[in-house]
Every structure is written in C-alpha cells, then in structure tokens.
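By convention in this document, chain letters (A, B, ...) are assigned in the order of the sequence lines, proteins followed by strands, and residues within each chain are numbered from 1. Everything quoted here is computed from the prediction, not taken from an experiment.
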There are 2 protein chains.
Amino acid sequence: MTIDPDSYEPAYIQLAGLLRAAIDSGELAPGQPVPSEKTLIQQHGVARETVRRAISILRAEGRVQTLAGRGSYVRGSADEAEVVTLAPGSRISSRMPSPAERRQYGVAEGVPLFVVELEGQEAQAYPADRVILEVPSLT
Amino acid sequence: MTIDPDSYEPAYIQLAGLLRAAIDSGELAPGQPVPSEKTLIQQHGVARETVRRAISILRAEGRVQTLAGRGSYVRGSADEAEVVTLAPGSRISSRMPSPAERRQYGVAEGVPLFVVELEGQEAQAYPADRVILEVPSLT
DNA sequence: GGCTATTTGTTCGTATGTATA
DNA sequence: TTATACATACGAACAAATAGC
C-alpha cells in the first residue's frame, strides 16, 4: 500500500487511512506501538507534518494514544470505560473542550467532552474516551 | 493582550485563548469574521502555522466555522439543534468520526459523533453539533 | 545523580494549489 | 485577471519528555 502524492486525496488523509486499516485488520493490535514518526517518514516518503497530521486524526478518533517522548500506541476498543447512568430528563451534548475544560475534567488532547444537563442542576461533564452514558432500563 | 514566545505555554495555545476570550466576551460576535491569517500573523508576530493551529482549535470547539478562500466566522451558540429521544437501555459514546463516518452521517470537520447503541439493534450515530440527546422524563 | 539516544512537541520558513471576491 | 485567503506539503531547527545505561 502506497501513498499517491498526485491523488485528489491529501497525503495525510491517505496515511491515516493506511494506519486505520492496519488497526482495524489487527495488523496493529491494541497495546502495540504505531511506527515512530521517523519510520513512517522513511517508509512512505512523506514529510513529518504529513505523518503528524495522520496520527492526530487517529488520536481524535480514539484509535491511538500518544505519549510524549515514547510514541503512539493502539488503544483497546473497550479498554476501561466508566458507565454513567443518566437521570430522566437529562440532555446530552458533546463537543471538543476548551483547555480550561480539558484541565477541569481531565480530558486528553483531541478527545470530545460529554455535557449532561438536568433541569435545575449544574451541568456535568465527562471525558468521552473514558465514559459511556447509559439510559436505565425500565425493568 | 500579547503573546509571550518564552512562555511555557505554546504560542498557538495562547493565541487560541485570546481569540476564545474575544468570542466569549462578545468582542467577536456570532457571524463576524475572525481576523485573517495575515492579520493575526502581523498583530501577534507569530508564524502562519501558529495562527492556523489556533484557528483549528476554535473550529474543533465549535466556536468558529472556516470557509476556504473566505475566512473563519464566529458561530452562533445554539443555532439549531435537533433533539433525539433516547430509548431505555441505550448506551451512548462519543468520539471523532472517521472520514467514512463523516460522509455517512453528514458530520462537519472537527465535530464529534454521537454513537447510540441499543441491545439487539444496529448502532445509530448523530453529528454532535446538530443533535442533542434527551432522556425521557418519567412523567 | 548524569549522559545519550530516541521520540514527540513546537515553531519558523517556504512553496504550490485551490477557492473566493 | 488580480488579490486575498485557506489547504497541503516540504525542509529545518530546537525544546521537552522518555528510556536505558
């Protein structure tokens, strides 16, 4: 699989696609490191910015986790997600957090934020990569 | 308000903060254009990439909308959001969509995706910038 | 503790293409 | 057509974090 610089599709999108496919196929299994930037630059003959943009896409999709000075690692599909039960009448929105919200709620870079609002109560927020919301069953 | 290149805080984060504050304070009102890249480069004495990264942050937060060849514009806070009612037993997660998902569900660039799963049914997905999820009241 | 190699993070410069006015 | 503005992509440099010795 190679990257076509003349494609209508930007190189960083192509590279993200290659890496996404490798993850989805199991070629890159959870816990395994994604090849380093330098390796990807050499393997695909692209610039560093192209590699970094591709990685950032996978990070935002929750597929990999990047550690400064170490590398990027494939995340498990359902690693450890806390289940939060929703109260009746709750309204849920999701968006990217501001830095202040990232700090306040402990949200990783590139990860969306859940905002749960309930009439007469203060809004609650959760990192979307570590929390699943649940509507209680009737039983 | 100025940007300090020697700060521990990256210049693009500082600039995003300045612009965010300008939007939140109403100095930049909904519908108004954000200053152009060239203007921001000159006003703050930073490189183009610094400006572009700052803008991309605001875009991901849903605060601005960027139109190629024109500029970035401040988005209205609660423009028009569809309310989707959740069935009992639903489980909700949120993440950035892959390109295929963006096409399939009509999600704008930099906007998270809601994924609603219900036992025994196919998962449903919604663009998080146009949809609010609601847990029905008991009444 | 330090030192070194590796890797990611940030910033600048430059160039080309595309879309809009 | 020209000017403006955003999108992509290359190269380069230095800083910061990490790991191993």
**Under 3.5 Å: donor-acceptor pair, side chain of A/E37, backbone of A/V51** = no
**Prompt:** Hey, are the side chains of B/L40 and B/V34 touching, using non-hydrogen atoms and a 4.5 Å cut-off?
**Reply:** yes
**Asked** Is a donor on one side and an acceptor on the other found under 3.5 Å between the side chain of A/S94 and the backbone of A/F114?
**Response** no
**Item:** Atom-pair distance (CD1 on A/I41; P on D/dA9), nearest Å
**Value:** 14 Å
**Prompt:** Over how many whole Å does the gap from B/L15 atom CG to C/dT10 atom C1' extend?
**Reply:** 14 Å
**Request:** Measure the distance from CG on B/L40 to P on D/dT4 and round it to the nearest whole Å.
**Result:** 16 Å
**Message:** Looking at D/dC10, I'd like to know if its phosphate oxygens (OP1 or OP2) sit under 4.0 Å from a side-chain N or O belonging to A/T50.
**Reply:** yes
**Asked** For D/dT8, does either OP1 or OP2 sit under 4.0 Å from a side-chain N or O belonging to A/Y12?
**Response** yes
**Message:** Nearest to the side chain of B/R52, heavy atoms from C-beta on, is which of D/dA9, D/dT8, C/dT8?
**Reply:** D/dT8
**Message:** Using heavy-atom distances to pick each residue's nearest nucleotide on DNA chain D, tell me which of A/R70 and B/P35 is more 5'.
**Reply:** B/P35
**Asked** What is the distance, rounded to the nearest whole Å, between atom CD of A/E37 and atom P of D/dA12?
**Response** 16 Å
**Request:** Indicate, with a heavy-atom threshold strictly under 4.0 Å, whether A/L67 touches base, sugar-phosphate, or nothing.
**Result:** sugar-phosphate
**Item:** 5'-most by nearest nucleotide on DNA chain D - A/A68 or A/A11
**Value:** A/A11
**Prompt:** Is the shortest distance from a Lys or Arg side-chain nitrogen in A/R130 or A/E82 to a carboxylate oxygen in the other one below 4.0 Å?
**Reply:** no
**Message:** Without decimals, in angstroms, what is the distance between A/D4 CG and D/dA9 P?
**Reply:** 11 Å
**Item:** Phosphate-side-chain proximity, B/R48 and C/dG13, N/O vs OP1/OP2 below 4.0 Å
**Value:** no
**Asked** Does the distance from a Lys or Arg side-chain N to an Asp or Glu carboxylate O, for A/E134 and B/R91, drop under 4.0 Å?
**Response** yes
**Message:** From CD of A/Q65 over to P of C/dT8, roughly how many Å is that when rounded to an integer?
**Reply:** 13 Å
**Asked** Could you state the NZ-C1' distance from A/K38 to D/dG11, rounded to the nearest angstrom?
**Response** 15 Å
**Request:** Rounded off to whole Å, could you give me the OH-to-P distance for the A/Y73 and D/dT18 pair?
**Result:** 11 Å
**Item:** Residue mapping more 5' on DNA chain C - nearest nucleotide basis, A/G69 or A/E49
**Value:** A/G69
